[in-house]
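Below is one structure, written out as structure tokens, with a few remarks after it.
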2 protein chains.
Amino acid sequence: MGDVFKALADPTRRRILDGLAERDDQTLFEICARLATQHQISSSRQAISQHLELLEEAGLVRTRREGRYKFHTLDTAPLAQIAQRWLRKPQENP
Amino acid sequence: MGDVFKALADPTRRRILDGLAERDDQTLFEICARLATQHQISSSRQAISQHLELLEEAGLVRTRREGRYKFHTLDTAPLAQIAQRWLRKPQENP
DNA sequence: ACTATAGGCAAGTAACCACTTGCCTATCAA
DNA sequence: TTGATAGGCAAGTGGTTACTTGCCTATAGT
């Protein structure tokens, strides 16, 4: 569960999630290209690959293999709960 | 804004927020005592102080001086928006 | 078969982060 | 004023992390 917070702590990873929120099923190279052109992030392919690995471990990204392509998709399920941890105050509910 | 995510990335800081969610206006020593007894976190006073400083910079904690005491209060305002960043998908709204 | 493309593995490096240690300031009570 | 309490400042350290570099595997086109 703490993996989600750690995954979100890095600005590059947040940009990756932004890109996946705009369009699903992106390959590693597509994600790299998007980061470079839209956000001036010129990290190496391996750097982005490692970020994606971390995001997948946190449950924020789901992957699917197809031939030599690996497609990445955003999974918002873990996000729905993290902020609620401190937002819910039982005694203040109507 | 990214400060909020980084602040939430550390488990000890999340415990501090837990404690402040239970009771507001805690001093540094109260927070240290709570972490030690309730969560077996035996960090030094300075360590906790540095965590609180980070949380304050992120806007998650507000402080108030009173004599030699400094009271800490949870501010949930930044939390309300961070998760929404990827949750809102306009085209899927009813 | 050969070449290019998409991606993976692993070691090394530099910066960052959590934490400690030691000393200092300020407030309050006796 | 003296001593105790609450907190702050700053340098140093060990572990983590983001990133690179170099090489390797696998799929697809020609």
Side-chain angles (χ1 to χ4, degrees), chain A residues 1-20 23-37 39-73, chain B residues 1-20 23-37 39-73:
Chain A
M1 185 75 206
D3 292 337
V4 182
F5 291 104
K6 265 205 299 191
L8 294 174
D10 186 84
T12 301
R13 284 195 288 272
R14 291 197 295 273
R15 291 298 179 195
I16 292 175
L17 294 183
D18 288 338
L20 290 177
R23 178 146 55 89
D24 273 341
D25 290 319
Q26 292 188 52
T27 67
L28 173 58
F29 275 71
E30 281 181 272
I31 294 169
C32 288
R34 270 187 168 243
L35 289 174
T37 60
H39 300 288
Q40 285 78 37
I41 295 173
S42 59
S43 298
S44 72
R45 177 181 57 85
Q46 288 81 351
I48 307 299
S49 177
Q50 286 164 9
H51 282 307
L52 285 169
E53 192 178 4
L54 232 158
L55 287 168
E56 194 175 358
E57 286 173 2
L60 289 164
V61 165
R62 301 224 170 263
T63 61
R64 172 175 51 90
R65 261 273 179 190
E66 226 166 88
R68 60 174 162 176
Y69 299 102
K70 186 177 182 184
F71 295 101
H72 303 262
T73 306
Chain B
M1 185 74 205
D3 292 336
V4 181
F5 292 103
K6 265 204 300 189
L8 294 175
D10 186 84
T12 301
R13 283 196 288 271
R14 292 197 294 274
R15 290 298 178 197
I16 292 176
L17 294 183
D18 288 339
L20 290 176
R23 179 145 56 87
D24 274 340
D25 291 319
Q26 292 186 51
T27 67
L28 173 57
F29 275 70
E30 280 181 274
I31 293 170
C32 288
R34 268 186 169 243
L35 289 174
T37 61
H39 300 289
Q40 285 79 36
I41 296 174
S42 60
S43 299
S44 72
R45 176 180 58 85
Q46 287 82 351
I48 308 300
S49 177
Q50 284 164 11
H51 281 308
L52 286 168
E53 192 178 6
L54 233 159
L55 288 169
E56 194 176 359
E57 284 173 4
L60 289 164
V61 165
R62 302 226 169 260
T63 60
R64 170 175 53 91
R65 262 275 179 186
E66 226 166 88
R68 59 175 163 177
Y69 299 101
K70 186 177 183 183
F71 296 101
H72 302 260
T73 305

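Each chain gets a letter, A, B and so on, in the order the sequences are listed, and its residues count up from 1.
Contact of the A:Phe71 side chain with the A:Thr63 side chain is not registered, since no non-hydrogen atoms from C-beta on lie closer than 4.5 Å. The closest side-chain heavy-atom distance from A:Lys6 to A:Leu54 is not below 4.5 Å. Using a 4.5 Å cut-off on side-chain heavy atoms (C-beta onward), B:Leu28 and B:Lys70 make no contact.
In this entry the distance linking CD1 of B:Ile48 with P of D:dA6 reads 16 Å, nearest Å. Here C:dA6 presents its P atom at 13 Å from CD1 of A:Ile31, a figure rounded to the nearest Å. One atom, CZ of B:Arg15, and another, P of C:dC19, lie 14 Å apart when rounded to the nearest Å. Atom NZ of A:Lys6 and atom P of D:dT16 are 9 Å apart (whole Å). Summarising the geometry, the separation between CD on A:Glu53 and P on D:dC19 is reported as 14 Å, rounded to the nearest angstrom. Distance, A:His72 NE2 to C:dA6 C1': 10 Å, rounded to whole Å. Between the C1' atom of D:dA28 and the CZ atom of A:Phe29 lies a distance of 14 Å, rounded to the nearest Å. One atom, CG of A:Asp10, and another, P of D:dT17, lie 11 Å apart when rounded to the nearest Å.
Contact between the side-chain N/O atoms of B:Lys70 and the OP1/OP2 oxygens of C:dT27 is not found at any separation under 4.0 Å. Contact check, A:His51 against D:dC19: a side-chain N or O comes under 4.0 Å of OP1 or OP2. In this structure, B:Ser44 reaches the C:dT20 phosphate: one of its side-chain N or O atoms is under 4.0 Å from OP1 or OP2.
Every side-chain contact (heavy atoms from CB on, under 4.5 Å) that A:Ser43 has, sequence neighbours left out, goes to A:Ile41, A:Ala47, A:Ile48.
With D:dC19, C:dG7, C:dC19 as the candidates, the nucleotide lying closest to the side chain of B:Gln50 is C:dC19. Counting only heavy atoms from C-beta on, A:Gln46 has its side chain closest to C:dG8 among C:dC19, D:dG8, C:dG8. In this structure, the nucleotide among D:dC19, C:dG8, D:dT17 sitting nearest to the side chain of A:Arg65 is C:dG8. Here the nucleotide nearest the side chain of A:Ser49, chosen from D:dG7, D:dT20, C:dG8, is C:dG8.
DNA chain D is contacted by both B:Arg68 and B:Arg45; B:Arg68 maps to the nucleotide lying nearer its 5′ end (nearest heavy atom per residue). Annotation: of the two residues near DNA chain D, A:Ser42 and B:Leu28, the 5′-most nearest-nucleotide partner is B:Leu28.
A:Leu54 comes within contact range of the sugar-phosphate backbone alone, with a heavy-atom separation under 4.0 Å but no base atom that close.
The side-chain contact (heavy atoms from CB on, under 4.5 Å) with A:His72 is formed by just one residue from the set A:Ile16, A:Asp24, A:Ile31; it is A:Ile31.
For B:Glu66 against C:dT27, no side-chain N or O and base N or O form a donor-acceptor pair under 3.5 Å.
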